[in-house]
Structure formats: C-alpha cells, structure tokens
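Following: one structure in structure tokens, then a few remarks.
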Number of protein chains: 4
Amino acid sequence: MIKVGVVGATGYAGAELVRLLAGHPKVELSVLTSQTYAGKNMWEVFPHLYGMVDKTLEEFNLSDLVSRCDVIFTALPHGHAMPVGHEVMRRGRRLIDLGADFRLKDVDVYQSWYKTEHTASVLVASAVYGLPELNRAEIRGSVIVGNPGCYPTSAILGLAPLLTNKLIDTETIIIDSKSGVSGAGRGLSLKTHFSETTENFQAYGVATHRHTPEIEQELSELAGMPVTVNFTPHLTPMVRGILSTMYGKLTAELNTEELTDFYRQFYKGERFVRVLPAGMYPSTKAVAGSNHCDLSVTVDPRTGRVIVLSAIDNLMKGAAGQAVQNLNVMLGLPEDTGLDFAGMYP
Amino acid sequence: MIKVGVVGATGYAGAELVRLLAGHPKVELSVLTSQTYAGKNMWEVFPHLYGMVDKTLEEFNLSDLVSRCDVIFTALPHGHAMPVGHEVMRRGRRLIDLGADFRLKDVDVYQSWYKTEHTASVLVASAVYGLPELNRAEIRGSVIVGNPGCYPTSAILGLAPLLTNKLIDTETIIIDSKSGVSGAGRGLSLKTHFSETTENFQAYGVATHRHTPEIEQELSELAGMPVTVNFTPHLTPMVRGILSTMYGKLTAELNTEELTDFYRQFYKGERFVRVLPAGMYPSTKAVAGSNHCDLSVTVDPRTGRVIVLSAIDNLMKGAAGQAVQNLNVMLGLPEDTGLDFAGMYP
Amino acid sequence: MIKVGVVGATGYAGAELVRLLAGHPKVELSVLTSQTYAGKNMWEVFPHLYGMVDKTLEEFNLSDLVSRCDVIFTALPHGHAMPVGHEVMRRGRRLIDLGADFRLKDVDVYQSWYKTEHTASVLVASAVYGLPELNRAEIRGSVIVGNPGCYPTSAILGLAPLLTNKLIDTETIIIDSKSGVSGAGRGLSLKTHFSETTENFQAYGVATHRHTPEIEQELSELAGMPVTVNFTPHLTPMVRGILSTMYGKLTAELNTEELTDFYRQFYKGERFVRVLPAGMYPSTKAVAGSNHCDLSVTVDPRTGRVIVLSAIDNLMKGAAGQAVQNLNVMLGLPEDTGLDFAGMYP
Amino acid sequence: MIKVGVVGATGYAGAELVRLLAGHPKVELSVLTSQTYAGKNMWEVFPHLYGMVDKTLEEFNLSDLVSRCDVIFTALPHGHAMPVGHEVMRRGRRLIDLGADFRLKDVDVYQSWYKTEHTASVLVASAVYGLPELNRAEIRGSVIVGNPGCYPTSAILGLAPLLTNKLIDTETIIIDSKSGVSGAGRGLSLKTHFSETTENFQAYGVATHRHTPEIEQELSELAGMPVTVNFTPHLTPMVRGILSTMYGKLTAELNTEELTDFYRQFYKGERFVRVLPAGMYPSTKAVAGSNHCDLSVTVDPRTGRVIVLSAIDNLMKGAAGQAVQNLNVMLGLPEDTGLDFAGMYP
C-alpha cells in the first residue's frame with residue numbers, strides 16, 4: 001500500500017481527496033493535517049465521513065509528514081507548497097500540489113499575478129502540469145505535479161483540439177466560465193454567505209483572475225505561439241460544477257458534425273473526457289460527483305465562430321479527482337482506480 | 001382610471017403584470033384572460049394574490065376584450081397577438097405585446113426564426129420597439145408597442161452607448177447570457193423540473209436562439225450598419241434574473257473609468273438604468289423584484305476588449321415592469337408610476 | 001413627517017426596515033447606524049438600494065440619535081436595546097425593538113434563557129408585546145414595543161384562536177418550525193455558508209431555542225393558564241420564510257370546515273392574516289416579500305389532533321414588516337401604510 | 001453473475017438503481033424497461049451515465065423479462081408489481097418491489113388508502129417488509145420483498161428502539177417529515193416545477209398521506225399493540241434527503257446521554273445506521289449519496305418528550321440503496337457490497 005498524506009484535509013478539495021483516497025484500493029491514509037481543526041477527528045469536521053474515516057487531524061509538521069508518506073497532496077492556498085516541494089525532492093518522495101505553486105513555468109508571471117515571492121523556483125522547471133490527457137508521459141516520471149486549476153482544466157480540455165491543430169484564430173478567444181460556490185472554498189465570506197449567494201448570479205475578478213496566466217501558458221504551449229485570452233469567471237448559485245462557454249473564429253470551414261468527429265478522434269481512448277454526440281450539450285449535473293469532463297462543439301455558420309462547452313465537477317476533475325488520476329498515472333495504475341463511478345443524478 | 005386587460009394572465013409575465021397593475025394608481029384591472037384557468041379566480045392560481053386581487057379569469061373573447069379595455073397587454077407565446085393588433089387598431093385602443101409578434105421589423109426574418117406566418121405585417125411598420133430609454137418619443141405616440149424580449153433588453157441597454165458612438169468593432173461582439181428559470185415560463189418540461197434544474201447549469205439554443213435577430217436588429221439600428229453577434233443563453237438554477245456578459249474590441253483607447261463616465265453621461269436622468277461606480281459589478285440579486293437594469297464596464301488593456309455586464313430581473317425590466325413603464329410613457333405619466341420601489345434583498 | 005432612526009441598519013432585518021421606511025409616505029429616514037459599516041453609504045452595503053436610498057451610515061451615538069428621531073427602531077442582537085429604552089423614556093420618544101430585550105415579561109426568564117443581565121427591568125412592565133392582531137390597543141398607547149420574534153409570530157398567530165377558546169389540550173402542543181437562512185442574519189458562520197446550507201435540511205437548538213419562553217409566555221396569556229410546548233426550529237435551504245407545523249389534541253369535536261370557519265371569524269377584518277379556504281395550504285412562497293401570515297387548519301379524525309400550518313416571511317411579518325405595522329398602530333395610521341403590496345411570486 | 005432487471009429504469013429510483021447495479025461486482029444488468037423511453041439508450045435519458053451504462057431501454061414484456069432475470073426490481077407506481085409478483089413466484093425468480101404493492105399486510109388497508117384493487121393478495125402473506133435492520137432473517141429466505149417507502153424508512157428506524165422496549169407512550173407519536181423534491185419523481189407537475197418549488201417550503205397530504213398506514217403497521221408490529229400516529233410530509237427546496245423530526249412522551253426517566261447509549265446498543269453492528277454522538281444532529285447533506293440513516297435522540301426534561309431526528313437520502317436508503325441492500329441480504333453477500341462509500345459533501 002502506498003502511504004499518502006493530505007495537507008489541508010479540511011478544505012473542500014482536501015476533504016474530497018480524503019473521501020476518494022479512503023475508497024482507493026492501493027493507498028493508505030497516513031497523515032491528514034489541518035490548521036484549524038488539528039486534534040479533532042476528520043468526521044467531527046465532515047459528518048458524511050462518520051463511520052467511514054476514523055483519523056485524527058494533525059498539525060502540519062514538514063519533517064514528520066515527509067517521513068511518513070510516499071506521496072503528499074497539498075490542498076492549501078498558494079505559497080504553502082513550496083517548502084513541501086523542497087523537502088519531498090530532498091527525501092525522494094512525491095508531491096501533488098492542488099494549489100498554484102507549481103503550475104506556472106515563468107516565476108515572474110507567478111509573482112506578478114499572485115503577489116507572492118516564489119521560494120522554490122529551482123523546482124519549477126522539473127514540475128509537471130498535471131493534466132493527464134495532455135501530459136501523461138511527463139506525469140509518469142515526475143516528482144512534483146502541479147495539479148491544474150479548476151477553470152483551466154475546463155478551458156484547456158475544451159480548446160486543446162483546436163489549438164493543437166491551428167483550427168482557431170488565437171487572437172479571438174473568449175472564455176466565459178461559471179462556477180459553483182464550492183470553488184470558493186470553505187472559508188467564510190459574504191460572497192459565499194447563503195442568503196447573498198442563492199438566487200444570485202454575478203461575475204467576479206473581471207479581467208484580473210489568477211487563472212488567466214495559467215490558461216494562457218497551456219494554450220500557448222499547445223498552439224506553439226503566444227495566446228492571450230479574455231477569461232471571465234462567474235459565481236453560480238449551486239455547489240459543484242463549472243461550465244465554460246468558449247468562443248473563437250475558426251480558421252477552417254468545418255461544420256458541427258465534422259468538428260465533433262474531430263474532437264472524438266482527439267480524445268479517443270480517454271476515460272474521463274466525454275465528447276458528446278452532436279445535439280447533446282454538457283451540463284454540470286451530468287458530471288457532478290464524477291471525474292468526467294463533458295465537451296460539445298457547435299459551429300455557427302453565421303459568424304464563423306465555434307462555441308465550445310466544457311463541464312466538470314470543480315472538486316473532482318477540477319481538483320481532487322484529477323489529483324487521484326495523477327497519482328494513478330505516477331504509480332502506473334489503471335487511471336480510473338478509485339475513480340470508476342458515474343456522478344450522482346439528480 | 002385607464003381600463004386595462006391582460007391576455008394570458010396566468011403565465012409568469014402575465015401574473016407579474018397583474019401584481020404591478022393592481023398596485024398602479026392610475027389603472028383599473030378590467031379583464032384577465034387565461035386559457036387554462038378560465039372560471040377560476042386569479043388567487044386560486046397565484047396564492048400570493050389572495051386577498052389582493054379578486055378577479056375571475058375569463059376565456060379570451062377578442063371583441064368583448066377590446067370593447068372593455070383602453071389598453072391591452074398580451075402575455076402569450078408568439079403568434080397570438082396579431083389578431084389583437086388588428087382589432088386594437090380598428091377600434092382605437094392600444095396594445096402592448098409582451099410576445100415577439102411586433103418586435104421584428106422584417107417580416108421575413110420573423111417568419112424564418114419563428115417558423116410562423118405573420119398575419120399582421122401591415123401593422124409592423126407602425127409598431128414601436130418598446131425600450132423607453134432608446135425610443136421614448138416613438139412610444140409616446142404609438143398604438144402598438146412590441147415589448148422587448150428579456151435577453152435583448154439586457155444586451156441592448158448594455159451595448160447601446162458603445163454602438164451609438166462607434167466605440168466597438170461590430171464584428172467582434174459576443175453576448176453570453178445567463179437567465180433564471182422563470183424565463184422559461186410556467187409550462188411544464190424536464191428542463192424546468194426542479195430536480196433536473198437545481199444544482200445544474202447549462203447552455204441551450206446554442207447559435208439558434210430566437211432573440212438573436214431581435215438583438216441584431218436593434219444593435220444594427222444603433223450602429224447604423226449591420227451587426228451580427230454570437231448570443232448564447234444559459235439556464236441558471238435560480239428563479240429570477242438575467243446577467244449578460246458582453247465582449248468586444250474597443251475602437252478607441254479608453255480606460256475603465258473613462259468608459260464608466262461615458263456610460264453615466266449616456267444614461268443620465270434615466271430612472272431605471274443604474275451605471276454602477278467602477279469597482280461595483282451588477283448582480284441579479286441587486287435588481288430582483290425591481291425594474292432596474294444595472295450596468296458596469298471594464299476595459300481589459302491586455303486584450304483591448306471591453307467587458308460589459310448587464311443585470312435585470314427578467315420578469316420586471318425584462319417583461320412586466322418594462323410593459324408598465326411603456327404604459328406610463330404612452331399615457332404621459334411619470335415613468336416610475338407603480339414601479340417606484342427597490343428590489344427585494346436578500 | 002415622522003423622523004425615524006434605525007439602529008443596526010445593515011443586518012437583514014435592519015436593511016429590510018430601511019427599504020420599507022424609504023417607501024413609507026409618512027416617515028423620513030433620519031438616522032441609520034451600523035457598527036461594521038459606519039462611514040459608508042447604505043447602498044455600498046446593500047446594492048439593491050443604489051439610487052433609492054442615499055444616506056451615510058453613522059456610528060451609534062445614543063444621545064444624538066434620540067435627539068434626532070421621533071421613533072427609533074433597534075435591530076440588534078439582544079442586550080443592546082436596554083440603554084435605548086431608558087433614553088427614549090427619559091426624552092419622550094418611542095422605541096420599537098426588533099430584538100428580544102422587551103418581549104419577555106419575567107426578567108428572570110429572560111436572564112435564564114439569554115444568559116445576560118437585564119439592565120432595564122423597570123421598563124419591562126410597560127413595554128408592549130407588539131403583535132397587533134392580539135394587542136392592538138396596548139400598542140397604540142405604548143412607548144416601548146417589543147417586536148415579536150419570527151418563530152413566535154408564526155406560532156402564536158396560528159394557535160391563538162384555539163387557546164383563546166380552550167379548544168386545545170394545552171399539554172399536547174408541538175411546534176415544528178422551518179425557517180429560511182436569512183433568519184440567521186448576515187453574520188458569517190459555517191451554518192450559513194452556501195455550500196454547507198444549500199441542499200441541506202437540519203434541526204438546531206433542539207429543546208433549547210430561546211424563542212421557546214416567548215412562545216410559552218404568549219400562549220399562557222391567551223390560555224389563561226401555564227402552557228409548555230415542544231418547539232423545534234429547522235434550517236431550510238431558502239432565504240426567506242417560516243412554515244410552522246403545529247399539533248395538539250382538540251378538546252371539542254370539530255371538523256376541518258368548522259374550525260376553518262372559526263378561524264376566519266377570529267381574524268375577521270385583519271388585513272395581514274389570511275385564513276386560507278379549506279383545501280389550500282400555506283406556503284412560504286405565497287407570503288415572501290409581503291407582511292402576510294397565511295394559516296390553515298386540518299382536523300385529523302383518526303387521532304383527534306388538529307394540524308395548524310402558519311407561513312410568514314421572517315424578515316417581513318417576522319421582523320421589519322411587523323415593526324412598520326406597529327409604527328402605524330402607534331401613529332394612528334392605516335395599518336397597511338407602506339405595507340400595501342402582495343409578495344413576489346415566483 | 002446474478003442477472004437482474006429493472007422495471008421502470010427511467011424514474012429517479014430506477015435510474016439510481018441502475019447506477020448502483022452497474023457498479024455492483026456480483027450482478028449483471030440484464031433488462032432495463034421504460035414505458036416512456038423504450039428504444040433509447042439509458043444514457044440518452046440520463047446523461048451522467050454516458051460512457052458508463054450502454055444499454056437499450058425495452059418495452060415491458062413480463063414473460064420475456066422473467067425468463068432473462070434472476071432478480072427483478074420494480075420501480076413503478078403502485079399497482080404495477082402485482083402481475084410481476086405472480087410470474088416471479090411461478091417461475092422461481094425473486095422480486096424486490098420499490099413500490100407499495102407488497103408492503104402492507106392487510107389488503108383492505110391497501111385498497112382503502114391506495115384506491116386500487118389488490119390482485120395479488122395471495123402473495124402478500126409471504127412477502128417480506130424489506131427493512132434489513134429489523135427483518136434481516138426473513139428477507140434472506142424471501143421470494144418477494146416489499147422495499148419500504150422513503151418516509152417509513154426514516155420514521156421506523158428512528159422509533160424502533162423506543163417501541164421495541166416500550167419506552168414511548170404510543171398515543172403521543174408525531175412524525176413531522178421533510179423531503180427533497182426528487183421524492184416526487186420525474187413526472188412533471190406544478191408542485192415540482194422549479195420556479196414554484198425553489199425558495200418554497202410547504203406541507204402536503206396533511207393527515208392523508210399513504211405512507212401513514214405503512215408506518216403504523218410496522219410501529220404496531222414493533223410495539224406489539226396498535227399504534228396510530230400523526231404524519232405530515234413537507235416539500236423542501238432541495239433534491240435529495242429526508243429529515244424526520246419525531247416526538248413522543250417517554251415512559252421512563254432517561255436523559256439524552258442514556259437514551260443515546262441505548263440507541264447505539266440497539267443498532268450495534270449495523271453498517272448503515274449511524275447513531276450520532278450526543279451533540280451532533282443529523283443533516284440531509286451528511287447522508288446524501290450514501291445508504292446511511294443518521295439518528296439522534298434528545299430528551300426534553302421540561303416536557304418529558306423525546307425528539308428523534310432521522311436523516312436519509314430518499315433515493316438511497318429510502319429507495320434504491322435499500323433495494324440493493326436487500327438484494328445483498330437475499331444473496332448472502334456482505335450487506336454493503338456495491339454500497340460501500342460515503343456520501344458526497346458538500
């Protein structure tokens with residue numbers, strides 16, 4: 001059994017990770033840390049786990065943590081995974097960071113968008129961006145995986161076939177994303193206060209959201225040239241799910257059926273990407289609780305634009321599910337080990 | 001007192017109209033019709049009106065209706081207002097149609113998008129598109145008003161200042177709209193079944209929604225040249241509200257503050273359009289239950305695009321509230337008569 | 001114009017009060033205080049009021065407040081209205097307290113349930129429990145009104161006809177109440193965090209909620225003998241509304257129709273209590289946004305029990321709406337001044 | 001592999017059953033029937049199953065069905081399982097009916113509450129009420145299992161320890177239940193129309209709901225004497241979950257801790273019943289997506305009543321999950337086979 005630790009086990013991504021790892025046949029939950037709830041049992045904080053996970057939350061102790069785990073997941077705000085990265089490297093363990101510290105390749109870009117000094121820049125070059133559908137081989141041999149952000153996962157999977165094949169004018173890309181409230185985490189704020197949030201729909205971080213450079217980095221890589229996009233996130237009155245609606249000018253004359261076929265070819269054999277038949281559209285409910293990313297493409301002949309729709313569960317394919325998928329890739333396990341289930345509907 | 005009739009009083013737009021007209025100091029509810037509930041009292045169908053509106057719903061009888069009303073509101077699916085238009089014209093009454101029959105100036109466009117023959121094309125030329133902020137003078141003297149669609153109201157008010165002043169490249173406009181479920185009406189369908197809709201977010205009518213030609217007609221009029229757009233509506237798990245997020249390339253170098261000032265000038269004196277101070281963004285909760293349209297503009301210097309956000313309550317400024325505003329304009333009353341209240345929050 | 005002040009204007013009850021008072025034809029908003037947001041304009045905190053209420057929030061200054069207001073509303077947690085009560089009494093002004101300080105007649109009971117010393121016990125005897133349907137005459141001449149709690153309002157109005165007429169066995173009363181989340185206020189907590197609250201239903205304060213003694217005091221008064229009840233509040237995933245389901249053994253043989261008629265007689269002429277026709281049941285949506293209390297009674301011949309259902313909007317008839325109703329009674333105005341509207345539906 | 005069939009696979013209970021059975025290691029989905037969607041693939045009707053369940057829905061053909069299945073699940077409205085019962089008995093197969101046809105032992109009671117003739121009364125005596133925690137031995141050897149209703153499951157598990165041990169006055173029992181909307185099924189109605197249901201809370205079937213005799217039958221069996229109750233169901237604006245709040249007079253002096261201990265003893269070793277530690281209360285979110293039933297007991301010394309709270313997921317422990325649990329019992333498998341997971345939170 002592989003010994004795993006979750007740092008930040010009582011945030012939403014962390015708790016989802018605990019739930020998935022508790023059901024994973026090849027791992028053993030070795031350490032769970034929580035700054036807020038250290039000393040309590042996990043089920044005292046998350047009642048759905050009562051009788052399912054019986055494990056006391058611990059203070060974060062880096063040396064102790066690394067000595068007791070083969071693989072460590074960090075599910076913390078940005079800035080906290082850097083020291084873990086150093087220690088993991090030194091002691092020959094592995095790290096999957098659900099935060100932003102190891103996603104961006106350009107440390108200056110990181111520092112400019114996150115307003116934080118990067119203290120592990122030496123590790124950045126070897127860290128792998130953990131989107132298995134695109135970087136499977138690199139993930140397999142990696143020591144540090146930067147688990148992608150939730151919005152970037154939905155956007156990059158939706159646009160990859162177009163960019164890889166130069167089917168879209170890279171100067172025309174608009175990404176309009178809508179997320180459930182769990183994406184904002186378990187920390188308290190008026191923005192996530194029930195009475196303010198339910199029956200409400202609003203944009204935030206307009207033209208300034210930190211997932212923008214992450215999306216641009218990966219799209220540029222796929223396109224082989226710099227790509228700049230407009231990305232607008234919105235808060236939707238639901239718990240789970242992201243739907244990204246993406247627009248761009250096509251560079252080739254293709255109709256909806258042809259482009260759908262092309263997407264199905266591109267993602268052939270991928271267990272978690274479902275390119276829907278023409279006429280079906282993604283919805284967040286169809287992926288909630290699963291590790292799926294559902295995609296559709298529609299060509300508008302009136303404007304020459306393609307509209308790509310991409311749906312994920314932000315806590316699963318957008319965070320914890322993808323982290324487990326990365327673990328499976330790293331360990332050479334079947335990629336759906338511990339993830340082999342449909343979502344919950346309705 | 002002006003005698004008014006509401007045809008289709010038991011749909012959501014119709015019922016909201018009844019609620020507003022019941023509180024309007026200058027009108028008297030003369031006739032309420034309902035195909036489904038004729039013979040019942042209005043409060044048997046809408047319990048919030050118990051003790052507030054005591055009026056029996058009637059079968060639709062065109063001749064009788066017109067003889068008993070000075071102004072008639074039709075709140076029916078498209079195709080049903082045409083005969084009312086003819087009769088109103090013949091008998092010297094007035095019509096405000098909340099459906100689509102008198103919005104489009106080009107009957108061929110209507111017939112192509114709505115798959116219905118237009119049997120009142122002779123009336124179309126004199127019918128006025130009822131967006132008071134842009135067409136106040138024409139509405140005042142009109143006999144037939146085509147009350148705008150909900151999505152078009154949010155989109156047109158959001159883009160009008162840019163198009164009127166040629167500040168936006170008309171080939172780059174994207175309108176990504178999110179609506180509450182009440183916009184789909186009171187008719188039953190899986191799409192509006194609670195368990196399918198709550199905790200769900202999805203697009204529909206991708207590249208084919210019937211509000212597209214209506215938006216394009218008005219934007220083209222404002223721009224003085226043909227405008228084609230991509231418009232994507234989405235269903236949001238809430239009852240009321242539309243937020244439209246709109247994108248386009250600016251043709252002038254303006255920053256957010258300058259453009260905000262320009263919008264404030266453009267809508268100066270408008271009672272129902274609130275251009276928010278820079279840093280505040282529209283949200284559907286801030287307008288729910290009111291006739292307001294809240295706007296913000298953000299310039300993204302990285303891409304040269306403007307992001308316009310526009311929020312309305314789809315049943316108010318997007319339907320019944322705007323219809324009452326049009327009535328007030330027609331009758332020469334202060335425009336906020338019967339509409340002079342803030343929304344409900346939270 | 002009567003000059004009014006709202007202390008605690010930025011809680012949900014306070015903000016609702018501001019909205020109602022801004023639309024009230026006989027009052028002028030003189031002072032709004034807020035501990036958290038002093039110095040900001042009201043609309044910066046509550047965006048629905050942008051363009052509707054233009055008033056800067058002030059620090060609480062008791063002497064200044066009382067000198068500038070004829071009537072003061074306190075919308076604060078318990079314990080804060082006592083000094084205001086003293087000052088109002090001394091200076092000949094009037095107070096409507098939306099908190100708990102002037103509801104309970106027995107200061108010991110207050111101190112035992114609220115764990116707070118009562119520093120204005122001398123005022124308690126003359127303070128009036130502000131349920132106009134039952135205490136109208138006393139409210140008219142009062143200086144201090146204790147505005148009822150939200151749960152007690154729904155429960156007492158629902159049970160009053162039975163207790164006043166000894167139709168119910170007072171030892172068998174169960175009150176099972178379900179509230180929207182706005183009842184928990186605008187303060188942040190995990191209990192009101194969107195992702196924890198939506199798609200969730202739970203009880204709280206089982207057998208210990210502070211509204212219990214308030215309910216028992218008023219029911220005992222109506223019954224002319226001590227009444228003890230079981231009261232269980234629940235948190236419901238919605239913003240506004242309380243539905244109380246109440247059970248008790250009937251002491252007389254009455255059927256549903258007879259008891260319904262009896263309730264209609266009891267509340268005859270009451271503007272805000274709607275006893276529904278047999279076969280219609282209250283729902284929170286039918287009263288949301290209005291000052292109504294909707295009631296139904298059902299007799300179960302199998303068990304000899306009556307089931308009373310009572311629905312209110314907790315921020316309206318359960319707080320701010322009732323406070324305005326009390327103001328109208330105090331001032332001798334028609335009781336629905338500023339409250340004469342139906343709720344918002346759907 | 002056991003061959004199973006699901007009759008009525010496209011209702012919510014049926015679809016949940018398909019999801020569970022698809023992940024069950026010992027069964028093979030042999031036949032799925034649907035009246036409405038025969039000819040379509042299951043994933044065309046339930047998009048979360050795309051790529052997970054690839055099976056065409058069939059018309060219901062009784063003879064063919066029974067010949068192709070070892071165990072049949074009927075997930076249909078009452079009245080439809082009777083002929084299946086006859087055929088299953090004749091051909092030596094087994095039936096788990098998620099409807100009401102085999103729950104009530106007294107055919108007259110069935111016919112009186114369900115207004116339907118019972119055409120399989122000869123089978124009723126041998127059918128077993130499928131609540132494994134109470135009837136495990138009988139289920140093991142049974143041919144026909146009447147899978148309990150959702151409300152009865154929550155109520156009976158909550159009250160069983162009290163009744164079995166005569167700790168409650170059987171004339172004082174009140175069951176106040178609150179259900180998510182999925183309990184009303186996938187059929188369309190205004191009651192389940194999103195805009196009518198969200199932000200709404202209401203009672204229904206007051207004193208007349210058909211689960212009453214089922215609850216009374218089982219409670220009477222446990223008590224060894226006739227038990228009559230008041231049962232009131234309510235519709236809650238959420239998809240999944242039932243919380244039942246139950247009240248009764250205790251016949252012994254016990255405090256909360258003692259009674260909690262007693263419950264823990266009573267349910268010792270039960271995999272799916274979680275008696276929560278004193279101070280923790282059940283919530284529907286803590287059980288959503290799992291087969292758990294969470295219980296708490298609180299003694300109110302002021303009134304001598306116990307308040308029992310019981311939470312389940314109505315589609316899992318209240319329908320499909322319990323059906324799979326019954327299957328496991330019938331087949332002698334570990335009872336959590338295919339059900340061994342925590343719920344989804346948040």
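In this text, all values refer to a predicted model and were calculated from it rather than measured experimentally. Each chain gets a letter, A, B and so on, in the order the sequences are listed, and its residues count up from 1.
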List the steps, then state whether salt bridge (Lys or Arg N to Asp or Glu O under 4.0 Å) holds for Arg240(D) with Asp313(D).
CA-CA 6 Å; Arg240(D) 285 177 182 237; Asp313(D) 179 329; 3.0 Å; yes

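- For the set Ser283(C), Ala207(C), Ala311(C), the count of heavy-atom pairs under 4.5 angstrom toward chain D peaks at Ser283(C).
- With a 4.5 Å cut-off on non-hydrogen atoms, Thr236(C) touches chain D through its side chain but not through its backbone.
- One side chain, Ser177(C) or Ser244(C), offers a donor N or O that lies under 3.5 Å from an acceptor on the other.
- Between Arg305(D) and Asp300(D) there is no salt bridge, since none of the side-chain N atoms of the basic residue sits less than 4.0 Å from a carboxylate O of the acidic one.
- Among Leu309(C), Thr245(C), Thr197(C), the residue making the largest number of heavy-atom pairs under 4.5 Å with chain D is Thr245(C).
- In terms of heavy-atom pairs under 4.5 Å with chain D, the best-connected choice from Val206(C), Ile242(C), Leu235(C) is Val206(C).
- Judged purely by atom type and a 3.5 angstrom limit, Glu16(C) has no side-chain atom pairing as donor or acceptor with the backbone of Met316(C).
- The aromatic ring centres of Tyr204(C) and His234(C) sit 6.0 Å or more apart.
- Of the listed residues (Leu243(C), Ile307(C), Ile174(C), Asn230(C)), the one with the most heavy-atom contacts under 4.5 Å to chain D is Asn230(C).
- Of the two parts of Thr232(C), the backbone and the side chain both hold a non-hydrogen atom closer than 4.5 Å to a non-hydrogen atom of chain D.
- Heavy atoms of Tyr281(D) lying under 4.5 Å from chain C belong exclusively to its side chain.
- Between Arg302(C) and Glu216(D), at least one side-chain nitrogen of the basic residue sits less than 4.0 Å from a carboxylate oxygen of the acidic one, meeting the salt-bridge criterion.
- Each of Thr172(C), Thr298(C), Thr303(C), Thr228(C) has some count of heavy-atom pairs under 4.5 Å with chain D, and the biggest count is that of Thr303(C).
- Contacts of Thr208(C) with chain D are absent, with no heavy-atom separation under 4.5 Å from either backbone or side chain.
- For a residue to count as touching a neighbouring chain, one of its non-hydrogen atoms must lie under 4.5 Å from one of that chain's; by this rule Pro237(D) touches chain C with backbone and side chain alike.
- Annotation: His209(C) is in aromatic contact with Phe231(C) [ring centroid separation under 6.0 Å].
- In this structure, Phe46(D) and His48(D) have perpendicular ring planes: the angle between them is above 60°, well past the 30° mark.
- Interface check for chain C: of the options Val239(D), Asp176(D), Thr198(D), Thr212(D), the most heavy-atom pairs under 4.5 Å are formed by Asp176(D).
- Comparing Glu196(C), Lys249(C), Glu199(C), Glu171(C) by heavy-atom pairs within less than 4.5 Å of chain D, the highest count is held by Glu199(C).
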